[in-house]
Structures are given as structure tokens and as C-alpha cells.
Colleague: 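Handing you a structure now.
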Amino acid sequence: MFYWQVAPRKGESISEHLDKSREYLDDNNYGNGNHESFFGYKIPNKKLIKDVLKAATRIVKAVKNNEKIVIFGHDDVDGITSTYILFDFLDKIGSYSHYYYIPNRLTDSHGISESFINCVNENNFSLVITVDIGVTSIEGVNKLNDMGCEVIITDHHLISSSNLPNAYAIVNPKRDDCQYPDKTLTGVGIVYFLVSIISELLGITVPDKYIFWTATGTIADKGSMVGINRIICKVVFDNWQKMIDRPLSLWSNCISKKCTTYFDKNHYIYNMAKLLSCGRDINGENKALYFLLAPDYKQREVVTELFKRRSEYESSLTNVRKLLESISPENKDLFYIYIDEKDEIPLIHSGWAVNYMCYLFKIPVIYIKIKGSLVLGECKCIKPFNFVDALDYCKETLCQFGGHNCAAGFISSVDMLSSFRNLFAQYAETQKDVILNGKKIPIDLEVNKEDIPSLKNLIMNYSPFGEDAPIPTFLVKNIKIHQTMPDAVNFSLKEYLPGENYDVVFTYRCNGKMAIIDTKKSSIS
């Protein structure tokens with residue numbers, strides 16, 4: 001049972017209402033005077049980020065001394081785009097000895113693993129730069145230090161400043177001792193500002209194409225679409241042609257001819273991100289990153305392989321979707337723990353699966369995969385529930401945990417699984433009101449069916465959309481869905497009949513297609 005919550009009307013017209021209800025999105029008053037200009041926008045001075053100048057200076061020194069540098073990147077799109085920007089930038093400033101290593105989450109342990117430490121030792125790297133990863137790798141950083149290798153960590157995941165790795169520099173706005181006022185930057189956003197500072201030190205210009213990849217990583221990682229993330233994406237959408245990078249030439253027709261509206265461009269980035277997520281490989285390699293760095297004559301071959309992987313991924317995902325839509329857990333009032341005892345969901349789909357179940361049930365969901373004696377958990381929730389706080393409550397049963405407020409993960413043992421469930425149930429009970437609040441469907445405005453044809457063009461004025469800035473949701477009452485919304489995608493999983501009248505909550509997908517969120521039979525005769 002979901003609850004519809006229609007926002008109070010704030011204007012006579014739809015645009016007046018949205019103007020007033022969403023004016024907070026572009027209110028970037030950070031409360032101090034230390035700002036800089038970014039494509040005409042005012043943002044906080046990037047040098048306020050703790051350790052960023054220290055890291056930039058160390059990287060310049062490494063390049064000048066021709067040190068061997070390795071970039072250790074996360075294998076999601078945020079990590080891939082971060083690694084690409086930094087690798088390409090090191091090329092531009094004259095490094096001849098830089099490499100990358102991308103662990104595969106399906107086969108490698110999280111963080112700085114033994115296999116990576118062995119790689120550093122065998123190749124005599126003197127500087128490791130992590131991107132979108134590393135802030136929890138206390139033991140791994142100690143081992144690298146013992147080998148005489150310095151470590152710069154760039155990360156954006158939640159941390160405890162009382163338990164940081166002993167790295168040369170830790171560039172993370174979420175540090176308690178970081179004065180940078182915008183804590184929402186993704187991993188690639190942090191890397192972008194890092195290379196911007198290095199550019200200033202060297203008196204060179206940052207390529208515009210890096211902003212495109214920063215927006216791509218930010219959107220793919222579901223970064224909060226307020227503050228600097230929002231500004232970065234606005235800059236890309238408003239200057240689309242200037243952001244074209246060499247690897248995008250394979251999609252030049254889409255860029256120049258079809259991407260004219262916000263939804264066109266957003267859908268393009270969404271599809272690019274889906275492709276880049278299929279690059280996982282072995283021994284530190286990544287096919288998606290290789291595609292971005294490959295010479296022209298190799299690009300088509302590599303991208304063909306990525307498309308093949310994407311097709312296989314989508315095919316297997318269809319089976320997972322059918323499985324999840326068939327389950328109906330008896331107790332899903334406060335939370336749902338899905339243990340994949342029969343190993344029916346491939347590990348590569350675990351993140352998608354937990355997201356989908358959270359969407360279906362609108363409660364905190366934990367997907368558990370058992371590998372030998374280990375328990376691997378993926379967590380997803382709807383604000384204002386906080387999964388990092390929940391896992392911290394259960395930490396005595398966990399080997400490792402981390403992530404974001406609404407998306408986190410953990411490692412535990414089979415022996416501790418029962419204890420973990422009991423502790424989590426205790427915590428969920430204390431958060432009952434918070435969880436029930438997440439079962440509400442917020443509705444921006446009730447509209448008439450005559451308003452529907454103009455809504456898509458109107459709402460583009462309030463883009464970009466994403467976390468904390470969702471695409472507007474509308475309610476229309478007493479309509480025949482097949483007549484009024486013949487092309488709408490039904491996300492409500494409810495059946496509706498052609499001859500019946502319904503009240504419908506709907507929104508728009510990232511490609512601009514209308515999507516039905518929930519329906520009720522109309523009480524109006």
C-alpha cells in the first residue's frame with residue numbers, strides 16, 4: 001500500500017507552481033565568500049577541498065621526476081570516467097610512466113587487494129592514485145607504505161575521520177575536517193577538480209571534454225542533482241557540441257542530429273553509461289576504459305565487443321526482472337532481506353536487483369549472496385532512511401561496510417547472518433516512522449488531462465533531473481488510461497482495463513517517455 005502525497009499548490013499555472021516549488025535547486029548560496037567562476041556559475045573555491053592542493057603538488061612532482069604512477073580505479077562508471085580523465089590528463093602533462101588498474105568486483109575483493117599490492121610491488125610503482133575508491137583500505141595502504149609506495153586517495157564515499165588510512169593525501173569532501181561546503185561531489189567530480197588545480201599550477205587549460213565525462217559519471221552514479229553536480233550537468237547540456245570527445249565519434253550522428261532536447265542528451269549519456277558498465281575484465285584491465293583510450297583503428301573493434309556484452313547483459317536481466325516481479329514477500333512492512341539461496345541472480349545483476357526491489361516495495365531492501373563462508377550484501381533504501389547508519393548499528397556482525405546513505409554494501413560471514421538480521425530488525429523498528437514515510441509517493445501537482453500534451457516540453461525548463469531533483473510527478477484523475485496515455489510505460493505493475501476510469505500518478509523516464517507510477521480506480525462517477 002503506497003500513499004499519495006500531493007504538494008500544496010503554489011501558483012495558478014503549472015509553470016508558476018514548479019517555479020516556486022523547485023526554486024531551491026538553483027540556490028547555490030554556500031555561505032562564505034571564497035568562490036570562483038565556473039562557466040559563468042559561482043562555485044566554492046576548489047582549493048578548499050582538504051588535501052587537494054597537497055595531492056596536486058605531489059602528482060606534478062611525480063611527473064617531473066618521471067616516477068612510475070598507477071591509477072587504481074573503481075569498476076563502475078564513476079570510477080571508469082575518473083580513471084579516463086586522470087590517465088588522459090597525465091598524458092597531456094608529459095607523463096611517460098603511468099598505468100591503470102581496475103579491479104573486477106565480480107572476482108576481486110573490494111578496495112586495495114593483495115593482487116593489486118603484488119602488481120605494485122612487481123612493477124616498482126612509487127605513487128598510487130585511487131579514484132572513487134580506497135578510503136576504507138587501511139590495511140592495504142599500510143602495506144603499500146611499507147613497500148615505499150606513497151598513496152593519494154580520491155574518494156567520495158562516507159567515512160569516519162577517526163579511522164582514515166595512513167595515505168599521503170586523502171581528497172574527500174566528506175571528511176569531517178574538510179571545509180568544502182558541497183559534500184555531494186561524485187568521485188569523478190573530485191578528479192575533475194584535482195586536474196583543474198594541477199592545470200592552474202602548470203598554467204595550462206583543462207579540456208572541455210573532461211566536463212562531459214564528469215557529467216556522465218555523476219549521472220551514472222546517481223549523484224545528487226543539486227549544487228555543483230547540477231552546475232556541471234547544466235554546463236554539458238547547454239554546451240553539448242563543445243564537449244564532444246574523440247571516442248564519441250562512433251555516435252556522431254546521434255550527437256549532432258538527434259540530441260537537441262534535454263531528454264535526448266540525458267538518454268544519450270544514460271546509454272553511454274550502460275555501455276561503459278560492461279567493461280569488466282581480469283588482471284586490472286577494463287574493456288570500457290580501453291575503448292576510451294584506444295587508438296582510432298581499434299575503437300570500432302572494442303565498441304563492438306562492448307555492445308555484444310551489453311546485449312547479453314540485457315537478455316539475462318530480463319529473466320531477473322521476471323523473477324523479482326513474481327515474488328511477494330509476506331513481511332515487507334519495514335524491510336525486506338532477499339537471500340539468493342539458489343544463486344538465481346548473477347552477481348553482475350545484484351546492484352540492479354536490489355534497486356528494483358526497493359522500487360517495487362518502497363522499503364529498505366538487502367540482497368544477500370552467499371559465497372562459501374562469506375555473506376555479500378547489497379543495500380538500497382529511499383530517503384530519509386540511512387543505510388550507513390543502519391549498518392553501523394549492526395557493525396559487530398560485519399567484516400566491512402560502506403557506501404552512501406541510500407546505497408551501501410557489506411561483507412559478513414554465514415555464522416553472523418542470523419545475528420545481523422536480528423540487529424537490523426531492531427534498528428528498523430526504531431526507524432518505523434522514517435520507513436513508512438518512504439512509502440509515500442510525492443506528487444508535484446494535480447493536472448487535467450488537457451494539460452498532458454504540453455507537460456514534457458514544460459518540465460525541461462527545470463532540468464537536469466536526478467537524485468534530490470526528480471522529474472516532476474503528476475496526478476490526473478478520472479481518465480481512461482488506454483485513451484489518454486496510449487504510449488505510457490506501466491511501472492505500477494497493476495492491471496488496468498480499457499473501459500474503466502482511473503486516477504493515475506505518472507512521470508517521465510530519462511528518455512522523455514511517460515511512465516505510470518501508480519493507479520487507483522476512480523471514485524468519480
Colleague: Atom CD1 of I517 and atom CD1 of I443: how far apart are they, to the nearest 0.5 Å?
Modeller: 8.0 Å

Colleague: Using a strict 4.0 Å threshold on nitrogen-to-oxygen distance, state whether K298 and E301 make a salt bridge.
Modeller: yes

Colleague: Applying the side-chain hydrogen bond (donor to acceptor under 3.5 Å, both in side chains) test to Y356, which of E325, R321, K380 qualifies?
Modeller: E325

Colleague: For the residue pair I382 and C358, establish whether any side-chain heavy-atom pair is separated by less than 4.5 Å.
Modeller: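 Yes, their side chains come closer than 4.5 Å.
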
Colleague: Does E500 pair with K480 as a salt bridge, N-O distance under 4.0 Å?
Modeller: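 The answer is no: the pair does not qualify as a salt bridge.
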
Colleague: Measure from the side-chain N and O atoms of E36 to the backbone N and O of K46, and report whether any donor-acceptor pair falls under 3.5 Å.
Modeller: yes

Colleague: Quick check on Y24: does its OH atom have over 12 non-hydrogen neighbours (other residues, nucleotides or ligands) under 6.0 Å away?
Modeller: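 Count over threshold, so yes.
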
Colleague: Thinking salt bridges, do K209 and D88 make one under a 4.0 Å N-O criterion?
Modeller: yes

Colleague: Compare all side-chain heavy atoms of I190 with those of I49 and state whether any distance is below 4.5 angstrom.
Modeller: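 Not touching, per the 4.5 Å side-chain cut-off.
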
Colleague: Please check this pair: side chain of N239 against backbone of K242, looking for a donor-acceptor N/O pair closer than 3.5 Å.
Modeller: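 It does not hold such a pair.
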
Colleague: Could you tell me if N45 and N34 have a donor-acceptor pair between their side chains, going purely by distance under 3.5 Å?
Modeller: yes

Colleague: So, F465 versus Y508, ring centres under 6.0 angstrom or not?
Modeller: no

Colleague: Please evaluate residues I481 and I516 with respect to the criterion side-chain contact (heavy atoms from CB on, under 4.5 Å), reporting the C-alpha separation (whole Å), side-chain torsions for both, the decisive distance (0.1 Å), and the verdict.
Modeller: CA-CA 10 Å; I481 296 175; I516 296 172; 3.7 Å; yes

Colleague: Decide side-chain contact (heavy atoms from CB on, under 4.5 Å) for F193 and L185; before the verdict, give the C-alpha distance in whole Å, the side-chain angles of both, and the deciding distance to 0.1 Å.
Modeller: CA-CA 10 Å; F193 284 132; L185 281 172; 3.8 Å; yes

Colleague: Taking side chain as C-beta onward, heavy atoms only, is I459 less than 4.5 Å from F474?
Modeller: yes

Colleague: Parallel, tilted or perpendicular, judged at 30° and 60°: which one describes the rings of F385 and F387?
Modeller: perpendicular

Colleague: Check whether any side-chain heavy atom of I80 sits under 4.5 Å from a side-chain heavy atom of L292, and report yes or no.
Modeller: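 Yes, their side chains come closer than 4.5 Å.
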
Colleague: Are any non-hydrogen side-chain atoms of I219 and Y270 less than 4.5 angstrom apart?
Modeller: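 Of all side-chain heavy-atom pairs linking Y270 with I219, none is under 4.5 Å.
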
Colleague: Test your reading of the model: is there a side-chain donor-acceptor pair from S277 to the backbone of K274, 3.5 Å cut-off?
Modeller: yes

Colleague: Can you check whether K494's main-chain N or O pairs, donor with acceptor, with N490's side chain at less than 3.5 Å?
Modeller: yes

Colleague: Would you say H74's side chain and I133's backbone share a donor-acceptor pair under 3.5 angstrom?
Modeller: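 Checked: no pair found.
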
Colleague: Should R310 and E314 count as an ion pair when the cut-off is N to O under 4.0 Å?
Modeller: yes

Colleague: Just so I know, are the side chains of E12 and H17 near enough to count as touching, which here means a heavy-atom distance under 4.5 Å?
Modeller: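 E12 vs H17: side chains apart.
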
Colleague: Less than 4.0 Å between a side-chain N and a carboxylate O, is that true for R105 and D75?
Modeller: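 R105 and D75: salt-bridged.
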
Colleague: With F39, which of I232, D238, D208 fulfils side chain to side chain contact (heavy atoms under 4.5 Å, CB included)?
Modeller: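 Option passing the side chain to side chain contact (heavy atoms under 4.5 Å, CB included) with F39: D208.
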
Colleague: Going by an N to O cut-off under 4.0 Å, is there a salt bridge joining D468 and K222?
Modeller: no

Colleague: Between atom OG1 of T519 and atom CE of M485, what is the distance when rounded to the nearest 0.5 Å?
Modeller: 10.5 Å

Colleague: Count the heavy atoms belonging to other residues, nucleotides or ligands that lie under 6.0 Å from NZ of K183, then report whether that count exceeds 12.
Modeller: yes

Colleague: Using a 3.5 Å distance criterion without hydrogens, assess whether the side chain of D444 forms a donor-acceptor pair with backbone atoms of T473.
Modeller: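 Such a contact is found between D444 side chain and T473 backbone.
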
Colleague: Strictly by salt bridge (charged side-chain N to carboxylate O under 4.0 Å, His left out), give each pair with a member in residues 340-364 just once, sequence neighbours left out.
Modeller: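 Matches after skipping sequence neighbours: D340-K369, D343-K369.
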
Colleague: Any side-chain heavy-atom pair from K383 and N405 closer than 4.5 angstrom?
Modeller: no

Colleague: Has Y359 got a side-chain atom pairing as donor or acceptor with F491's backbone, closer than 3.5 angstrom?
Modeller: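 Yes.
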
Colleague: Verify the ring-centre separation between W240 and F212: is it less than 6.0 angstrom?
Modeller: yes

Colleague: Under a 3.5 Å distance rule, please check whether D451 uses its side chain to pair with a backbone N or O of N448 as donor and acceptor.
Modeller: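 At least one qualifying donor-acceptor pair exists.
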
Colleague: Is any side-chain N of the basic residue among D155 and K174 closer than 4.0 Å to the acidic one's carboxylate O?
Modeller: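 So D155 does not pair with K174 through a salt bridge.
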
Colleague: When you measure from the side chain of R9 to the backbone of G11, do you find a donor-acceptor pair of N or O atoms at a distance under 3.5 Å?
Modeller: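 Confirmed, R9 side chain pairs with G11 backbone.
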
Colleague: Compute whether any side-chain donor of one residue and acceptor of the other, for Y462 and D19, lie under 3.5 angstrom apart.
Modeller: yes

Colleague: Going by distance alone, is a donor N or O of one side chain under 3.5 Å from an acceptor N or O of the other, for S316 and N319?
Modeller: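 Looking only at side-chain atoms, N319 and S316 do not form any donor-acceptor pair under 3.5 Å.
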
Colleague: Can you name the closest pair of heavy atoms from S37 and G40 and give their distance?
Modeller: OG-N, 3.8 Å

Colleague: Do you see a donor-acceptor pair shorter than 3.5 Å between the side chains of N478 and S522?
Modeller: yes

Colleague: Is it true that atom NZ of K234 has more than 12 heavy atoms of other residues, nucleotides or ligands lying nearer than 6.0 Å?
Modeller: yes

Colleague: Quick check on side-chain hydrogen bond (donor to acceptor under 3.5 Å, both in side chains): which of T218, T184, D26 does R230 satisfy it with?
Modeller: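 That would be D26; it is the only one of T218, T184, D26 passing the side-chain hydrogen bond (donor to acceptor under 3.5 Å, both in side chains) with R230.
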
Colleague: Between Y210 and Y192, is a ring-ring contact (aromatic ring centres under 6.0 Å, His included) present by the stated rule, with each step listed?
Modeller: CA-CA 7 Å; Y210 291 170; Y192 178 81; 7.2 Å; no

Colleague: Please report whether the ring centroid of Y262 lies less than 6.0 Å from that of F237.
Modeller: yes

Colleague: With under 30° as parallel and over 60° as perpendicular, where do the rings of H482 and Y496 fit, or are they tilted in between?
Modeller: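 Perpendicular: the ring planes of H482 and Y496 meet at over 60°.
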
Colleague: Yes or no on side-chain contact (heavy atoms from CB on, under 4.5 Å) for M514 and R509, after CA distance, side-chain angles and deciding distance?
Modeller: CA-CA 6 Å; M514 187 183 297; R509 300 177 68 189; over 6 Å; no

Colleague: Got T214 and T81 here, is their nearest side-chain heavy-atom distance under 4.5 Å?
Modeller: no

Colleague: Should the ring pair H156 and H404 be called parallel, tilted or perpendicular, given that the plane angle runs from 0 to 90° and is split at 30 and 60?
Modeller: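 Ring orientation, 0 to 90° scale: tilted.
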
Colleague: Centroid separation under 6.0 Å, is that true for the rings of W352 and Y367?
Modeller: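 Aromatic pair excluded; centres sit 6.0 Å or further apart.
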
Colleague: Sub-3.5 Å donor-acceptor pair from the side chain of D78 to the main-chain atoms of G187, do we have one?
Modeller: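 Yes; at least one donor-acceptor contact below 3.5 Å.
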
Colleague: Take I479 and V504 through the side-chain contact (heavy atoms from CB on, under 4.5 Å) test and state the conclusion after the steps.
Modeller: CA-CA 8 Å; I479 64 163; V504 182; 3.9 Å; yes

